[in-house]
Enquirer: 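What follows is a single structure, and I will ask about it in a moment.
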Amino acid sequence: MVFTKEIKGNELYVYANGKLIYKRWLDTGQSFIFDKLAYNKYTLVSIKDHKKQDS
């Protein structure tokens, strides 16, 4: 998978294989994720918590 970043004016764009997945406004710090399929129910769970849930 190839990641590229591009800054246009006040905006940062991140692409994965040519597809826009993330945009951030540099002056306000706000951001938006376009590809939410990369996330699942374990995305924000630590490894230790994940092991406890599977037990």
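These numbers were taken from a predicted model, which means no experiment stands behind them.
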Enquirer: Kindly work out whether a path of hydrophobic side-chain contacts (I/L/V/M/F/W/Y, heavy atoms less than 4.5 Å apart) joins Val2 to Leu20.
Expert: no

Enquirer: Please determine if Lys23 forms a cation-pi arrangement with Phe34, meaning its NZ or CZ atom is less than 6.0 Å from the six-membered ring centre and no more than 45° off the ring axis.
Expert: no

Enquirer: Hey, what do you get for CD1 (Ile33) to CZ (Arg24), rounding to the nearest 0.5 Å?
Expert: 10.5 Å

Enquirer: Does any part of the side chain of Val14, heavy atoms only, come nearer than 4.5 Å to the side chain of Thr4, both counted from C-beta?
Expert: no

Enquirer: Which residues pass the salt bridge (Lys or Arg N to Asp or Glu O under 4.0 Å) test with Lys5, not counting sequence neighbours?
Expert: none

Enquirer: The criterion is side chain to side chain donor-acceptor pair (under 3.5 Å); which residues satisfy it with Tyr15, sequence neighbours excluded?
Expert: none

Enquirer: Going by the rule side chain to side chain donor-acceptor pair (under 3.5 Å), which residues pair with Asn10 if we only count those two or more places apart in sequence or in a different chain?
Expert: Asp27

Enquirer: Just by distance, no angles: are the side chains of Trp25 and Gln30 close enough, under 3.5 Å, to form a donor-acceptor pair?
Expert: no

Enquirer: What distance separates Phe32 CZ from Ile21 CD1, expressed to the nearest 0.5 Å?
Expert: 12.5 Å

